[in-house]
Amino acid sequence: MYQQKLLDAFVQGGLVPLFTHHDQDLAKQVLDVAYEAGIRVFEYTNRHDNAFKIFKNLRMHAEKYPDLFLGIGTIFETEDAQKFLHAGADFIISPAMIREVATFCQSRGVFYIPGCATVTEVYYGKKQGAKLIKIFPGNLLGTAFVKSVLSVIPDIKLMATGGVEPNEANLKSWFNSGIHCVGMGSQLFDVKALEKGDFQGLKNNIEQSLTIIQNLKK
């Protein structure tokens with residue numbers, strides 16, 4: 001039930017922001033703007049020395065949004081997966097197909113999204129219980145890879161991450177290939193603008209992308 005609810009949120013929303021920054025207040029502001037723009041699934045990415053501290057504070061901040069799922073990305077080790085889960089992560093995402101993390105998450109009923117770059121990895125991820133597979137790096141694999149995977153494993157849901165852009169042409173190419181949702185990081189966030197307190201560009205990017213995606217899903 002819990003895993004299906006999360007899967008539905010990923011697929012129905014269609015867009016997952018992938019954000020990381022060492023500043024706690026900025027991270028909170030970004031989360032607020034993303035939620036206001038329509039985001040209901042948000043990944044904070046584990047790429048800074050203080051990422052765990054930031055995430056714990058972000059988790060508490062997000063309690064005011066009961067319909068928001070907040071997860072952690074760039075998890076390579078089981079110990080990190082366990083630590084962030086204890087801190088309240090709703091899901092775990094890895095850039096690679098990591099068997100130990102997959103096994104750990106499967107044994108605890110945790111929603112785990114592995115990053116896969118081959119049909120073998122996608123198949124193994126599915127066998128390990130992953131309901132959603134991240135195609136990464138998307139800019140190198142491309143839409144042809146998505147079509148090839150779905151031709152032999154048609155019942156798996158895929159998320160493209162890496163090289164996805166907030167414009168109609170790019171999003172159309174991904175969703176037409178059969179992708180179920182996309183993750184966007186640097187293409188969505190202008191960090192310099194955010195550091196200056198300018199969040200309008202981020203809000204515009206998210207709202208525009210969500211509109212495009214929902215129209216493509218019709």
Applying side chain to side chain donor-acceptor pair (under 3.5 Å), can you list everything that pairs with [X], at least two apart in sequence or on another chain?
X	value
Asp198	none
Glu195	His21
Ser186	none
Tyr44	none

Run the side-chain donor-acceptor check on residues 147-154: report pairs under 3.5 Å with partners two or more places apart or on a different chain.
from: Ser148; atom 1: OG; to: Ala144; atom 2: O; distance (Å): 3.0
from: Ser151; atom 1: OG; to: Ser148; atom 2: O; distance (Å): 2.6

inquiry  = Suppose the criterion is ring-ring contact (aromatic ring centres under 6.0 Å, His included): which pairs have a residue in residues 113-159, not counting sequence neighbours?
reply    = none
inquiry  = Going by ring-ring contact (aromatic ring centres under 6.0 Å, His included), name the pairs with one or both residues in residues 177-198, residues two or more places apart or in two chains.
reply    = Phe19-Phe189
key: ILVMFWY clustering at 4.5 Å (side-chain atoms), partners of Phe10   = Tyr2, Leu6, Leu7, Val11, Val16, Leu18, Val41, Phe69, Phe91, Ile93, Phe111, Ile113, Leu132, Met159
query = With sequence neighbours left out, which residue pairs that include part of residues 107-121 fulfil the side chain to side chain donor-acceptor pair (under 3.5 Å) condition?
reply = Ser94-Tyr112
remark   = Quick note, side chain to side chain donor-acceptor pair (under 3.5 Å) partners involving residues 153-171, not counting sequence neighbours, are Lys126-Asp155, Glu165-Asn167, Asn170-Trp174
key: Contacts of type ring pair (Phe, Tyr, Trp, His ring centres under 6.0 Å), residue Phe52, not counting sequence neighbours   = Phe84
ask   = Ile72 and Glu43: which non-hydrogen atoms are nearest, and at how many Å?
value = C-CG, 4.1 Å
query = In a check of side chain to side chain donor-acceptor pair (under 3.5 Å) between Asp8 and each of Lys5, Gln4, Gln12, which one passes?
reply = Gln4
Can you give the donor-acceptor pairs under 3.5 Å from side chains of residues 59-68 to other protein atoms, not counting sequence neighbours?
from: Arg59; atom 1: NE; to: Glu63; atom 2: OE2; distance (Å): 3.3
from: Arg59; atom 1: NH1; to: Gly88; atom 2: O; distance (Å): 3.1
from: Arg59; atom 1: NH1; to: Asp90; atom 2: OD2; distance (Å): 3.0
from: His61; atom 1: NE2; to: Asp32; atom 2: OD1; distance (Å): 2.8
from: His61; atom 1: NE2; to: Asp32; atom 2: OD2; distance (Å): 3.2
from: Tyr65; atom 1: OH; to: Asp32; atom 2: OD1; distance (Å): 2.6
from: Asp67; atom 1: OD1; to: Tyr35; atom 2: OH; distance (Å): 2.6
from: Asp67; atom 1: OD2; to: Tyr35; atom 2: OH; distance (Å): 3.3
from: Asp67; atom 1: OD2; to: Arg40; atom 2: NE; distance (Å): 3.1

